[in-house]
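Below, chain A is the first sequence line, B the second, and so on; all start at residue 1.
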Amino acid sequence: MEIVYVYTKKRNEFGRQCNFSDRSAELHVDILPDPSLAVNFIERDPCDVPIQCTQEMSEHEVNTERFESDTRGINHVEGGWPKDVNPHEMEQTIRFRKKVEKDENYISTVMQLGNNMEHCIKQNNAIDIYREYFEEEEVVEESEVQPSAKTINVFRDPNEVKRTASSLSWHPDGSRKLAVAYSSLEFQKVSKDMSLNSYIWDIENPNKPEMTLKPVSPLVCLEYNPKDCHILVGGSYNGQIAYWDTRKGSQPVEMSTIEHSHRDPVYRVIWLQSKTGTDTFSASTDGQVLWWDIRKMSEPTERLILDPNKKGNLDNALGAISLEFETTMPTKFMVGTEQGLVVSCNRKAKTPAEKIVCMYSGHHGPIYALQRNPFFPKNFLTVADWTARIWSEDIKESSIMWTKYHTAYLSDGSWSPVRPSVFFTIKMDGTLDVWDFLFKQNDPTLSVKVCDEALNSLRVQDNGHFLACGSQLGTVTLLEISSGLCTLQKNEKALATAMFERETKREKILEARHREMRLKERSRSEQSKEEDTKEGDGEESPEELITRIEKDFYEIVEAELKKRDKGEEKKVRLILNSFTGLRVVRGSLRVVKGSSKIVKGFTNKGGGPDSTL
Amino acid sequence: MAEVEETLKRIQTHKGVIGTIVVNAEGIPIRTTLDNSATVQYAGLLHQLTMKARSTVRDIDPQNDLTFLRIRSKKHEIMAAPDKEYMLIVIQNPSEQPQD
């Protein structure tokens, strides 16, 4: 309700001068003394009256005439000789001096002062103490402080039965709030009294969540809309997508219909870049990627089935665990699957078959995190099984860089939004690793044990300074990273570019080599196949195959041992050739598959000598 | 007595030392290697300056006291070591050659 008061003044009255006029005196009030009121008062006896008995004085200020003062020095010609000594008489002065020199005090004083003096004289002679040294060198701004991460706050699941904090999302405006999705991802561990709620926490208040979100089924993933900070979309355990408006309360504003939703828990939901800001897409292990417009949740706007054979067959489909979408490349997106493949897709393709552009393989387990480098979109990070790998879009055979195999499973990872070569990974043993690939590639630059239970989710704030990680028991820890790890170092971009290019080039060379070798084998195998048919040889039984291969193998090894003296290079080449020869001729044997791996092992070890191989 | 001589002589023979003066509180030069007029001038002026410096130091922190005063000018460095009754003044020409 608005209260309005309108002040009006005529325009021609603006700026008008005030007209004063005289008025005769008017008597307004005349109160006559009323003796009856005296009854309300008492006469005071005695009265205290303070009197001061001093001389009355008044204060005046007077400015005096200017008094000019001048500072002058006196030139002494002669010191202050005592009265009995005549300064002009040499004898007397000398006598006086000699007397002083005999004084004990004099001797000790001079000795002491002399020592001090000598020190300073020597100092002067040794080095110019007032000169500015090291002026040309720049002040090194990087502190020598060890990289560190400090826990700022810990947010615990307020419910009795603890659930995993499966997904985190920072508030897009200033990151004062953190939305956490809680669910229990372990198979059939859901108990009846497990709460379904997910919470939005204010990072200043870890005691009580700021807001509760009440879905129908526990939320596995949750995302704030980057365009509208009141809207959140969440994917739940039963496959439905729901969206909330924090201004409208804890219940979802709308939920997708069960028939058209996913058949498995929705593991990732991401907002798309669109004019309306209401488009999202979601991925689930049932093999589908669905696009939604939150204004109309009854049906997905688009559907993609992750069938590697590109036939749209749901039975063959790969289960999707993670999604990747970069707003700078709105038509492309990537899906990380349970089978360890990363599928790169193009949204704008005409036929569903063309939607799946290519696949990257190399991981042994489900890909929990997939993210493009914010500075180098061609390179992306995948976190799965026991390693984290960095890939280049152009190289499909393998990743360009990878971490060593850890003892614990890696569960999530993310690039730092401020430094191109820094990324974070979390493990199932509760540690957070911060990697700086420009500094050290074998080990993480910083490894922090956040909690005793497994960590499940990680989200870095946009300023790169804070990050939150959620654990299996629902505890979300907010950590602050030391400034060395979140300020861009000089030359870092150039160095990171150079590093990625170098690694990409290396992989390209390896890929080219592989292809070459494969072509050679194929041509060899064709030749040998012709020979085989001439001999009239049909299918051999497995045992005969094995014995024949064994014989060949031993022959080769012996030949090698003989040739060992003739040089390393030749030997390796021969082994390679013979191994790959084996592979093509007898394609179905496991022994051979192993050998192809050895081939790869040989070529992957060490970047430099590969070209000579 | 002999140590005093030795000390003063040693100081005087250091590299770059132009002159050495020992004055008492009244401004009478007890020992000097410079001529009288210069000595008296140095004594008088430096006495005032050390007094001022000492009072500055003690004003800031009454527990503190002046131990040494060094004045570097373009041509040379004047070093004064004050004491209650006497003052030792040395004028030196510091070597400007860079030692690196």
Side-chain angles (χ1 to χ4, degrees), chain A residues 69-138, chain B residues 1-17 20 22-32 36-37 39-45 47-48 67-70 72 76-100:
Chain A
S69 62
D70 206 3
T71 314
R72 276 173 215 266
I74 302 179
N75 191 17
H76 293 274
V77 177
E78 206 53 69
W81 295 99
K83 261 195 222 153
D84 48 358
V85 175
N86 185 358
H88 299 289
E89 295 237 350
M90 278 281 283
E91 274 179 40
Q92 289 186 6
T93 51
I94 290 174
R95 213 183 330 138
F96 180 82
R97 285 204 177 100
K98 285 226 175 97
K99 197 171 74 170
V100 171
E101 277 178 3
K102 295 226 169 77
D103 187 15
E104 277 283 326
N105 193 14
Y106 170 81
I107 293 171
S108 60
T109 309
V110 173
M111 294 305 290
Q112 193 208 339
L113 296 177
N115 276 336
N116 276 349
M117 187 61 75
E118 262 203 276
H119 169 79
C120 292
I121 292 173
K122 283 182 187 161
Q123 206 177 43
N124 267 341
N125 281 333
I127 195 169
D128 181 1
I129 63 177
Y130 296 105
R131 195 178 101 148
E132 277 286 326
Y133 294 103
F134 309 119
E135 242 170 20
E136 313 84 42
E137 290 196 15
E138 279 172 7
Chain B
M1 185 55 210
E3 304 100 47
V4 172
E5 290 295 331
E6 204 195 299
T7 308
L8 290 173
K9 203 161 128 202
R10 202 174 53 233
I11 289 179
Q12 183 60 35
T13 50
H14 267 301
K15 180 168 153 216
V17 173
T20 315
V22 182
V23 248
N24 78 347
E26 273 104 43
I28 304 171
I30 311 291
R31 257 317 184 87
T32 174
N36 197 35
S37 54
T39 306
V40 172
Q41 207 172 22
Y42 268 111
L45 294 167
H47 187 76
Q48 289 177 44
T67 50
F68 204 85
L69 187 64
R70 254 174 152 169
R72 181 166 269 211
H76 28 248
E77 181 158 351
I78 304 165
M79 293 176 272
D83 189 70
K84 258 204 302 263
E85 276 204 34
Y86 304 93
M87 180 153 65
L88 175 60
I89 302 167
V90 171
I91 301 111
Q92 186 192 20
N93 192 0
S95 52
E96 302 284 23
Q97 297 140 20
Q99 301 291 338
D100 43 25

Answer key: most heavy-atom pairs under 4.5 Å with chain A among B:Asn36, B:Thr7, B:Thr67, B:Ile28 is B:Ile28
Heavy-atom distance under 4.5 Å to chain B: side chain of A:Tyr106, backbone, both or neither? both
Would you tell me whether A:Arg97 and B:Asn24 have side-chain atoms, one donor and one acceptor, within less than 3.5 Å of each other? no
Return all side-chain donor-acceptor pairs below 3.5 angstrom for residues 82-90 of chain B, not counting sequence neighbours, or 'none' if the list is empty.
residue : atom : partner  : partner atom : Å
B:Tyr86 : OH   : A:Asp103 : OD2          : 3.4

Part of B:Leu8 lying under 4.5 Å from any heavy atom of chain A: side chain
Out of A:Met117, A:Met111, A:Lys98, A:Lys122, return the one with the most heavy atom pairs under 4.5 angstrom to chain B. A:Met117
Are B:His14 and B:Gln92 linked by a side-chain donor-acceptor pair shorter than 3.5 Å? no
Largest heavy-atom contact set with chain A, pairs under 4.5 Å, which of B:Val22, B:Thr20, B:Val23: B:Val22
Does A:Arg95 pair with A:Glu89 as a salt bridge, N-O distance under 4.0 Å? no
Enter the distance from B:Glu77:CD to A:Cys120:SG here, rounded to the nearest 0.5 Å. 8.0 Å
